[in-house]
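To keep things clear, I will list the structure first and then write my remarks on it.
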Amino acid sequence: MHLGKGPMTDLNHLEHDLLNQVEAAGDEAALETVRVSALGKKGSVSELLKTLGAMTPEERKERGPLINGLRDKVQTAIVAKKETLAEAALDARLSAERVDVTLPVQEGPETRGRIHPISQVIEELTAIFADMGFSVAEGPDVETDYLNFTALNFPVGHPAREMHDTFFLAPDEKGERKVLRTHTSPVQIRTMTSQKPPIRVIIPGRTYRHDSDQTHTPMFHQVEGLVIDKQANIAHLKWILEEFCKTFFEVDQVKMRFRPSFFPFTEPSAEVDIQCSRKGGEIRFGEGEDWLEILGCGMVHPNVLRNCGLDPDEYQGFAWGMGIDRIAMLKYGMPDLRPFFEADVRWLNHYGFRPLDIPSLVGGLTS
Ligand code: 2U9
């Protein structure tokens with residue numbers, strides 16, 4: 001670096017040039033390039049500093065401060081520029097991220113998707129029964145023939161098994177026949193054999209039947225409930241089912257009718273209808289001149305208690321079962337069952353629920 005011609009012209013020239021480059025740096029990357037070209041290992045200023053070593057003491061005394069001064073000026077300019085660029089980048093990001101709250105909500109994934117009516121109803125049921133002290137139990141879709149039938153008082157070869165015709169799988173290594181469960185009742189057996197009473201559980205889940213027509217599909221959904229302790233009686237059952245119906249169908253009053261029925265796993269058994277009125281395709285629940293069957297129930301059969309190692313003289317209980325697809329169609333007015341399983345986005349957009357509308361008893365199940 002020739003420093004002869006007129007003192008320090010070149011140094012000033014370099015300083016001027018470097019400070020212009022710093023000023024002209026458009027972003028942090030460009031600034032870093034300038035910094036390296038000046039102060040990096042092979043930087044112009046660094047090279048100058050290295051010349052100090054070869055100078056005479058007089059020259060160094062004279063030029064040292066000038067060169068060090070240049071280094072400091074360039075460094076200070078780079079630091080100041082870095083801050084300016086950082087602020088500009090932040091302002092740019094903030095202005096880009098400025099949320100105009102007056103704008104309609106952009107349909108993000110969280111608002112574009114829809115909760116399937118089945119999932120919505122399972123959420124509602126869980127909220128309603130949790131409020132009555134019930135926990136949720138779940139189990140496998142592939143069950144043993146014993147847990148799906150025998151333990152539930154369906155003796156082998158019993159015709160009632162025909163009612164529950166399902167998909168039978170090849171016997172497992174223990175020769176145990178496996179079936180796609182026809183109800184969620186096996187989970188109740190699992191619960192009764194894995195925890196001591198008192199028991200209060202609901203069991204929502206997929207169930208399978210060899211059935212496919214206008215109102216039946218091979219796979220559908222059920223929720224069953226079970227209460228086992230020492231005093232549980234049919235009056236408690238009626239109260240729980242009445243509370244459920246009022247809250248689920250969001251009516252203050254509901255007239256219910258218990259019709260004697262038969263299920264191998266309950267004795268006595270009943271099918272339950274609620275009163276309703278049909279006007280122009282609309283169904284109003286709770287009162288009216290019509291009845292709608294919504295569930296089956298009964299006192300748990302002593303044989304089933306014994307099968308679970310419970311002494312019927314010490315423990316008793318009741319259970320119920322209902323089709324989730326069915327009560328969803330009733331409550332939300334879907335005419336046909338099959339679209340439930342056809343994943344037609346138009347149907348989901350029409351009958352689905354907004355993800356953020358979490359059903360809660362406080363906010364009213366469906367706000
Ligand atoms: C145990 C003891 C008793 C569960 C029950 C029903 C009546 C019932 C049907 C409703 C509509 C099946 O989906 S559906 O077709 N279910 O009517 N379910 S009592 O009783 C049990 C279950 C397990 C250990």
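Along the sequence shown, the residues carry numbers beginning at 1. As the structure lists them, so they are numbered: ligands from 1, and atoms in each ligand from 1.
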Under a heavy-atom criterion of less than 4.0 Å, does L152 contact ligand 1?
->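 Yes; L152 lies near enough to ligand 1 that a heavy-atom distance drops under 4.0 Å.
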Consider ligand 1: state whether an atom of it lies below 4.0 angstrom from any non-hydrogen atom of H183.
->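 No heavy atom of H183 comes that close to ligand 1.
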Among all protein heavy atoms, pick the one closest to [atom] and tell me residue, atom and distance.
{"atom": "atom 24 (C) of ligand 1", "value": "M192 CE, 3.4 Å"}
{"atom": "atom 10 (C) of ligand 1", "value": "G321 O, 3.1 Å"}
{"atom": "atom 17 (O) of ligand 1", "value": "G296 CA, 3.1 Å"}
{"atom": "atom 19 (S) of ligand 1", "value": "F265 CE1, 3.6 Å"}
{"atom": "atom 3 (C) of ligand 1", "value": "A319 CB, 3.4 Å"}
{"atom": "atom 11 (C) of ligand 1", "value": "G323 N, 3.7 Å"}
{"atom": "atom 4 (C) of ligand 1", "value": "E224 OE1, 3.5 Å"}

Is there a donor-acceptor contact under 3.5 Å linking the side chains of R346 and N349?
->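 The criterion, which ignores hydrogens and geometry beyond distance, is not satisfied for N349 and R346.
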Considering only heavy atoms, does [X] approach ligand 1 within less than 4.0 Å through its side chain, its backbone, both, or neither?
{"X": "C308", "result": "neither"}
{"X": "F220", "result": "side chain"}
{"X": "Q188", "result": "side chain"}

Please work out whether the ring planes of F244 and F129 are parallel, tilted or perpendicular, with thresholds of 30° and 60°.
->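 Ring orientation, 0 to 90° scale: parallel.
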Identify, by atom number and element, the atoms of ligand 1 in contact range of [X], meaning under 4.0 Å from any of its heavy atoms.
{"X": "M322", "answer": "10 (C), 11 (C)"}
{"X": "V304", "answer": "24 (C)"}
{"X": "F263", "answer": "7 (C), 17 (O)"}

Heavy-atom side-chain contact between S277 and E289 under 4.5 Å |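 Yes, close enough: below the 4.5 Å cut-off.
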Going by heavy atoms in the side chains, are E28 and K82 under 4.5 Å from each other?
->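 They are in contact (side-chain heavy atoms under 4.5 Å apart), so the answer is yes.
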[X]/[Y] aromatic ring centres below 6.0 Å:
{"X": "W239", "Y": "F318", "answer": "no"}
{"X": "H116", "Y": "F340", "answer": "yes"}
{"X": "Y332", "Y": "W347", "answer": "no"}

Does T84 reach the main-chain N or O of A80 with its side chain, forming a donor-acceptor pair under 3.5 Å?
->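 Pair found, side chain donor or acceptor close to backbone of A80.
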Does NZ or CZ of K238 fall inside the cone over F258's six-membered ring, less than 6.0 Å from its centre and within 45° of the axis?
->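 Yes, a cation-pi geometry holds between K238 and F258.
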Is the cationic atom of K331 (NZ for Lys, CZ for Arg) positioned less than 6.0 Å from the six-membered ring centroid of F248 and within 45 degrees of its normal?
->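 That pair qualifies as a cation-pi contact.
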Check whether any N or O atom of Q222, backbone or side chain, sits under 3.5 Å from an N or O atom of ligand 1, and answer yes or no.
->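 Between Q222 and ligand 1, an N or O pair is found under 3.5 Å apart.
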